[in-house]
Amino acid sequence: MAEQKRRKITAEDLYAFINLSDPQITPDGEMIAYVRTHIDNDTKEPRSSIWLMPAAGGTPIQFTRGGKNESQPAWSPDGRTLAFVSDRSGDRQIWIIERFGGEARQLTFMRNGAGNPTWSPDGKRIAFTALVNHDEKRELLCTPKNEGDKKAVEKKAKDEARTFTRIYWRSNASGFMLEADSHVFVVDVPAPDQAPGAPVQVTWGKYSHGGPKWSPDGKLLAFVAKRCDDEHARFVDTWVVAAPEAGSPACKATPAPLVPGAEAPKGEALTALADACGCAAREAEEAFQPTNITGSRGFLGGGYFSPDGKTIACVGHENEFENATQAKIYLFPVTGGEPRILDNWDLAIGDTVNADVRNGGGGIEITWAPDGNMIYVPVSERGTCAVYAFPVVGGKPQLVAGGNREIASGTFDSNCETLAFIAGDMRNVGDLYVMDCREFEEKRLTDVNADLVAQIAWPEIEELNFKAPDGWDLHGWLMKPVGFQEGKQYPLVLDVHGGPATCWGHAFSQEFNLLAASGYGVLFINPRGSTSYGQKFVDAVRGDYGNRDYKDLMCAVDLAIAKGWVDEKRLCVTGGSYGGFMTNWVVTQTDRFAAAISHRSISNWVSFAGTPDFGPFFNIGSHKVTDPWSPEGVEELWNISPLKYVKNVKTPISMMHSEYDYRCPIEQAEQFYMAIKFYKQAPTELVRHPRSNHDLTRVGPPTLRVDRFHKMLKWFGAYAPANAAEADATVE
């Protein structure tokens with residue numbers, strides 16, 4: 001019987017993919033909660049809920065279904081109760097639900113929402129984070145905004161000028177930064193027949209705090225913050241403070257949420273409540289004296305307590321190579337002092353693999369072994385993300401779970417005998433797996449996209465290991481067009497990743513597969529500056545943008561052409577962020593490409609010093625420029641700016657950018673577009689994506705992502721068209 005024909009992947013298939021993320025295994029290793037996200041057929045917006053799967057395998061069960069988006073599951077220490085974040089009440093708040101039955105109960109009623117629930121070791125309290133405005137009325141902190149409040153906020157944003165005093169005055173993730181900070185709170189977990197009590201604010205001051213972690217005895221809380229008034233200081237610390245005790249000023253600074261049906265205090269009662277809360281808050285802030293564990297030496301976060309509570313593991317670096325520094329594991333005494341730094345064996349700790357259909361990453365949750373002898377961490381290595389165990393006494397780390405894939409997230413049971421994780425690869429968005437860490441036996445528990453995957457004709461992918469002209473080892477992949485036939489020639493798209501301190505690898509890219517389905521070969525390599533190949537490699541282009549990285553990419557193009565099936569007259573180039581910069585740079589340095597598409601790009605490093613959400617520090621660190629506004633600094637930055645060489649552009653280029661991109665602001669695309677139009681030497685267009693930011697291609701509005709795909713294919717098709725025969729929608 002002839003093999004059934006498969007169809008080619010389409011842009012609209014984005015609406016059909018199911019994404020799994022954030023697997024949380026119960027302490028006893030029996031059950032896994034995870035987040036399942038799909039695109040709603042009617043609204044075309046993401047919808048997420050929490051599902052349960054027995055670790056032994058079986059039929060998954062939808063566990064929550066009350067809101068549009070539910071996430072961040074966290075099991076109680078006894079595994080009987082699940083905390084999670086839901087918008088079912090209108091704002092994102094923390095809820096709890098019993099594993100063996102019962103209705104979900106709302107635990108927090110914070111005015112600005114709440115998230116990141118973390119159980120205390122005895123299961124009696126939950127630490128969480130919430131945003132607190134500096135002028136917040138304490139008496140309203142547990143009174144969520146009603147429609148009138150929200151309209152008042154909208155009116156103020158419309159009718160009043162915003163004033164900013166911070167260097168970090170806007171964020172790509174959250175927009176304009178209000179005079180507000182994230183703080184850590186603790187709330188008691190009530191019995192089923194009791195109403196939630198008042199949350200206790202743990203951290204104080206005009207600084208943002210996050211990542212709360214409990215000590216094993218529940219007496220201490222670690223958190224991450226930059227508690228420094230010097231906005232230029234380049235560090236983040238892990239701090240420790242005693243958990244709040246009953247009767248302390250902090251316990252009196254926030255009122256309990258109103259019991260349903262109860263009338264809110266008014267008049268004198270409200271005034272008295274406001275005075276009491278305000279007075280207690282001032283006392284609590286004056287008494288707040290956390291211990292700086294990491295000593296302001298670099299970016300050191302985490303705060304993972306050892307099982308005996310004497311040591312805190314932090315993951316980060318001391319800016320040795322600025323933003324190109326690989327992370328290490330630091331072991332600090334819980335009382336503070338000098339750390340012991342574990343040899344990272346030139347491994348890149350953390351998940352830096354790119355994917356464009358995924359809701360969560362970061363690798364597995366960093367975990368201590370119960371006996372305190374090992375620390376489990378995610379590691380990026382040659383385009384993969386694996387799980388390694390680092391001996392605390394030092395020595396070679398041990399591979400726990402790896403392979404040609406990205407382990408995007410995962411957790412261990414309390415004995416570190418079972419690991420639940422989500423993993424995907426170049427043909428799989430991601431599924432739930434479980435591993436017996438004693439026998440190193442792995443089982444796949446889900447195949448959520450099986451029906452869709454079975455329909456699609458997938459391209460052949462060739463791994464590339466080659467040498468740069470100066471002898472450096474390079475690595476990447478070459479994807480052939482779907483339906484490839486020997487003897488024919490095809491157009492090729494060079495796709496450059498962002499960062500540059502990230503990497504392409506064994507993770508799913510709808511963009512690559514869509515280009516291949518449309519008749520294009522796809523070349524994606526990791527040039528110098530990419531992660532997962534060691535410290536020397538990732539640092540190789542700092543202060544050298546557009547030189548050796550550009551040569552690495554051109555060397556890869558030459559290698560692809562030498563295969564014999566690439567049409568040199570139909571070469572295309574694209575990329576986003578740093579990849580957008582490189583696309584702009586490529587078309588100013590060579591005319592060999594027939595078409596280019598630049599996403600969320602940089603064209604002018606001089607203006608970029610003052611416009612991104614992270615301030616001038618990327619320029620300072622990446623380009624080794626001490627003062628980006630000095631005559632010398634401006635000259636150095638201008639010399640590596642594509643805009644300086646824009647008169648050379650002959651390649652048709654589409655400038656695609658999100659209007660609310662504050663990481664690489666849209667003015668960068670506007671400048672390059674305007675200059676190309678001025679010189680009239682190349683066709684160009686400016687595509688402005690509305691209601692989206694720098695992360696459009698990964699987690700942006702699905703309709704805009706689909707629209708972007710169509711615009712890409714239209715542009716490439718106009719200047720480097722695919723072979724006519726490859727337009728058939730099905731293949732053998």
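Note that the structure is predicted; figures quoted are calculated from it, not measured.
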Could you walk me through whether F524 and F512 pass the ring-ring contact (aromatic ring centres under 6.0 Å, His included) test, one step at a time?
-> CA-CA 9 Å; F524 51 111; F512 294 170; 4.3 Å; yes
Worked check of side chain to side chain contact (heavy atoms under 4.5 Å, CB included) between R708 and H689 | CA-CA 8 Å; R708 184 185 74 92; H689 304 295; 4.0 Å; yes
Please determine if R166 and D181 form a salt bridge, counting it only when a charged side-chain N lies under 4.0 Å from a carboxylate O.
-> yes
Is a salt bridge present between K644 and E635, judged by a nitrogen-to-oxygen distance below 4.0 Å?
-> no
Please find out if less than 6.0 Å separates the ring center of Y545 from that of W605.
-> yes
For the residue pair Y662 and H694, is the inter-centroid distance of their aromatic rings smaller than 6.0 Å?
-> no
Where the side chain of S182 meets the backbone of G210, is there a donor-acceptor pair that is under 3.5 Å apart?
-> no
Checking S603 side chain against Q668 main chain: does a donor-acceptor pair fall under 3.5 Å?
-> yes
In sequence, state the C-alpha distance, the side-chain angles, and the governing distance for V649 and F672, and then conclude on side chain to side chain contact (heavy atoms under 4.5 Å, CB included).
-> CA-CA 10 Å; V649 177; F672 208 58; 4.1 Å; yes
Take F164 and F176 through the ring-ring contact (aromatic ring centres under 6.0 Å, His included) test and state the conclusion after the steps.
-> CA-CA 9 Å; F164 302 96; F176 292 126; 5.7 Å; yes
Apply salt bridge (Lys or Arg N to Asp or Glu O under 4.0 Å) to the pair K155 and E160, showing each step before the final yes or no.
-> CA-CA 8 Å; K155 186 178 186 304; E160 295 183 23; over 6 Å; no
With sequence neighbours left out, what residues match F709 under ring-ring contact (aromatic ring centres under 6.0 Å, His included)?
-> none
Applied to residues 627-652, the ring pair (Phe, Tyr, Trp, His ring centres under 6.0 Å) test, sequence neighbours excluded, yields W585-Y645
More than 12 non-hydrogen atoms from neighbouring residues, nucleotides or ligands closer than 6.0 Å to OH on Y660, yes or no?
-> no
K624 NZ: over 12 foreign heavy atoms closer than 6.0 Å = yes
Salt bridge (Lys or Arg N to Asp or Glu O under 4.0 Å) evaluation trace for E231 with K226 = CA-CA 9 Å; E231 294 182 303; K226 178 187 174 183; over 6 Å; no
Tell me, with the steps shown, if D627 and E632 meet side chain to side chain contact (heavy atoms under 4.5 Å, CB included).
-> CA-CA 8 Å; D627 180 353; E632 298 80 12; over 6 Å; no
Side chain to side chain contact (heavy atoms under 4.5 Å, CB included) evaluation trace for I666 with S658 | CA-CA 7 Å; I666 196 169; S658 292; over 6 Å; no
Within 45° cone and under 6.0 Å: K213 NZ/CZ vs Y304 ring = yes
